[in-house]
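Right, one structure below, let's go through it.
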Amino acid sequence: FFFLFFFLFLFFFLPSTAMSGWDQGQIFFSDPIAEGAPPTARVDVHRQFKEFLREFRTEDGLFIYREQLRRHYNLGQYWLEVSLEDLAGYREQLAAAIRAKPAEYMPLIEKAATEVADAAVGREEGVAVQPMQVLFKSAEDAEPIRTLGSAHVGKLVKVSGIVISASTVRSKAVELTIQCRSCRTAKKWPIGAGFAGAQLPRKCDREPVGDEPKCPPDPYDIIADKCLCVDQQTLKLQESPESVPPGEMPRHLLISADRYLTNRAVPGTRCSIVGIFSIFTHNKSREKGAIAVRQPYVHALSFDVDIHGSGRTRSTFSAEDEETFIDLSRDPKIFDRVVNSLAPSIFGSRDIKKAICCLLFGGSTKIMPDNMRLRGDINVLLLGDPGTAKSQLLKFVEQVSPIGVYTSGKGSSAAGLTASVVRDVGSREFYLEGGAMVLADGGTVCIDEFDKMREQDRVAIHEAMEQQTISIAKAGITTTLNSRTSVLAAANSVFGRWDDTKSTDENVEFQTTILSRFDLIFVVKDEHNEARDQLIARHVMNVHLHAAEREPSEGELSVDTFKKYIDYCRRKCGPRLSQHAMNKLRNHFVSIRAETHKQEQERDKRSAIPITVRQLEALVRISESLAKMQLQPFVLEQHVDEAIRLFKVSTLEAALSGELPGSEGAGDHTSLDEMMKLEQALKTRFPVGSRISEARVLAEFAKQNYAENAVRKVLAIMLRRGELEHEYQRRLLYRVR
């Protein structure tokens, strides 16, 4: 009676909507995995994604994903790339669900793509359908690596940076076949994606029949031959140098790439990655007290890599930016504006700034029919006295270059500049980790204190500076990495300051092989000139007084505009030589070689800075960079004239005499031969160990018709080299050596 009454109550008094759906032949079930979600949420995701692949069409009426599935499947490439923006435009709730719980829905999405591919492609009887891999791409802004935290765990994120190391491709099981040792019962055991591990069941599922004994604990063995495996690769992603706050260390993030995403990036590649931010237990954190500590990583779902350029993510320029840059290039004074915008807080050094601007814009890279590559990047070396703002110029170039890496010679090794082979702690395998010149691929490397580097470390960058590749043959790894970068180096002379009594090869301790790879070599000297010193002092005081409120002067570009303009010119313009420019360069190179040969014959000594065919190519690159500043398609004679002038006041004069006429502050100097003759006379007159007053030295050499300024200059140079020392309150000079 009670049950009859309860049934009648349900039938007559409950609303009809509560019972709707039961007579439609549907299957109802409970899903313990989808916690807190509606019972049919997983079914809806599977069904809606299938509808999206079948029904989505562009404005032109093309079914792009259906066609992409058919094309890739027929080519044997079992992957599909889906835009999250297209998915959100088709069904926003579906895109939001995937962003919130990607790890939960990815198996359903890939299953739906496999079913659509099976229906779209006619396959033969008995041939199993291949599972599809779904890659999600997104046009949204990347999330900075240092802002990723616990709130992002399990969510879909997009990160960008530089790949600094890549492991070898390994096989990872996604489905284990395990078998009981006692009853020989086998079953499948799935494993999660990424770095997720597997914990085998502790007891056998089979119930004993009759008097059979129970299976012992931990009875399962893995049958390796019947496991389903996929390729997996581990990458290490580092923050881009321009996004690291000053004084902070760049952050790293592990990336897990599998199947068709392996071997997509090499060290030095700049890329954006869409993936699932997850955590895993690191081997090192399994000690006592670290049970709840987990290591973050990203399970990659797509790679956006710039394969055809410098390795960085593609930059986009708006129509307004392009119009601004084109108007800027038509300005007849664009060259002066660019030079004035380079480190405006540094006084003078105009020729050096022009050379650095040429380095930033670069020449045109040429690839020959036989795949031989001629570099278009320009290398510049600054040699000279301390306190001439060499390091400040390097720092500014790092800031304004589209890709800039700054390093110091004393703290840099050959492996740190090129690439190193590192052993993985977990797998004990070797993998490559790119150095500064690999990470700056497509940009500029600024090397300060270049003379403080060890000779064997300096030799390591020879290949990177000319061939622009780095070849590795270590620990069984033989490969070649790209290093398409410009080098801006700063160094002091052997004696700290430039010694005017010595020739160039005595002031410079670099080998000819490294000097010939620099397109422009400047000798920067701190000359004593009262009028120029007053101008420098006034400029420095103004900088300190108005540092906070300084505005760009008239015609000067802001740092952001300058950086964008450099990037735009490097991407959009590749000038070539005109016939007149080619003839002029050829004739000038022949005359330079003849002049250098004549000078060497007069001195009966080869120059430390050689003038070779590389210098002819340097003139071509400088001319192309000057044309690129104006977005000119061809190099004109005016560009060649300026390139020849820059070459004359830098490399050529340094090679011939060590002097730098034409630069600021260059006055009348005592000739090199006269100073060397005077130094020899001083050493002959005062042997080692003798003491004499400075007044007596000046008096004796005045009788021999030597200028007092020249004698004082030679004494100062000998004191700086440590050959003389002051004694008795600077009244006497002591000859040490």
- State, without any angle test, whether K158 and S272 hold a side-chain donor-acceptor pair at a distance under 3.5 Å. no

- So which of Q233, K172, H299 actually passes side-chain hydrogen bond (donor to acceptor under 3.5 Å, both in side chains) with D258? H299

- For this output row, return yes or no: ring centroids of F56 and F63 closer than 6.0 angstrom. no

- Item | Under-4.0 Å salt bridge between R571 and D567 | yes

- Task: Report yes or no: do Q232 and S256 form a side-chain donor-acceptor pair below 3.5 Å?
- Result: yes

- Message: So for atom NZ, which belongs to K155, do other residues, nucleotides or ligands contribute more than 12 heavy atoms lying within a distance under 6.0 Å?
- Response: yes

- Set of residues satisfying salt bridge (charged side-chain N to carboxylate O under 4.0 Å, His left out) with respect to E67, sequence neighbours excluded: R70

- Message: Restricting to ring-ring contact (aromatic ring centres under 6.0 Å, His included), what partner residues turn up for Y297, sequence neighbours left out?
- Response: F195, F280

- So does K203 have more than 12 non-hydrogen atoms from other groups sitting under 6.0 Å from NZ? no

- If you measure only the distance, is there a donor-acceptor pair under 3.5 Å linking the side chains of S138 and E85? yes

- Message: With a 6.0 Å cut-off (strictly less than), is the heavy-atom count around CD of E140, excluding the residue itself, greater than 12?
- Response: yes

- Check whether the side chains of T469 and R484 place a donor and an acceptor atom closer than 3.5 Å, and report yes or no. no

- Message: Is the shortest side-chain heavy-atom distance between L200 and I222 below 4.5 Å?
- Response: yes

- Straight-line distance of Q238 CD to I164 CD1, nearest 0.5 Å: 4.5 Å

- Nearest non-hydrogen partners of G149 and F277, listed with the distance: O-CE2, 3.4 Å

- Query: Between the side chains of T444 and S401, does any donor sit under 3.5 Å from an acceptor?
  - Reply: yes

- Non-hydrogen atoms of C204 and Y220 that approach each other most closely: CA-OH, 3.5 Å

- Query: Can R66 and E55 be counted as an ion pair, charged N to O under 4.0 angstrom?
  - Reply: no

- Closest non-hydrogen atoms of T114 and P131, given as atom of the first, atom of the second and distance, are OG1-CA, 3.6 Å

- Task: Would you check if there is a donor-acceptor pair between the side chains of Y73 and D118 at a distance under 3.5 Å?
- Result: no

- Answer yes or no: is there an ion pair linking R181 with D221, defined by an N-O contact shorter than 4.0 Å? yes

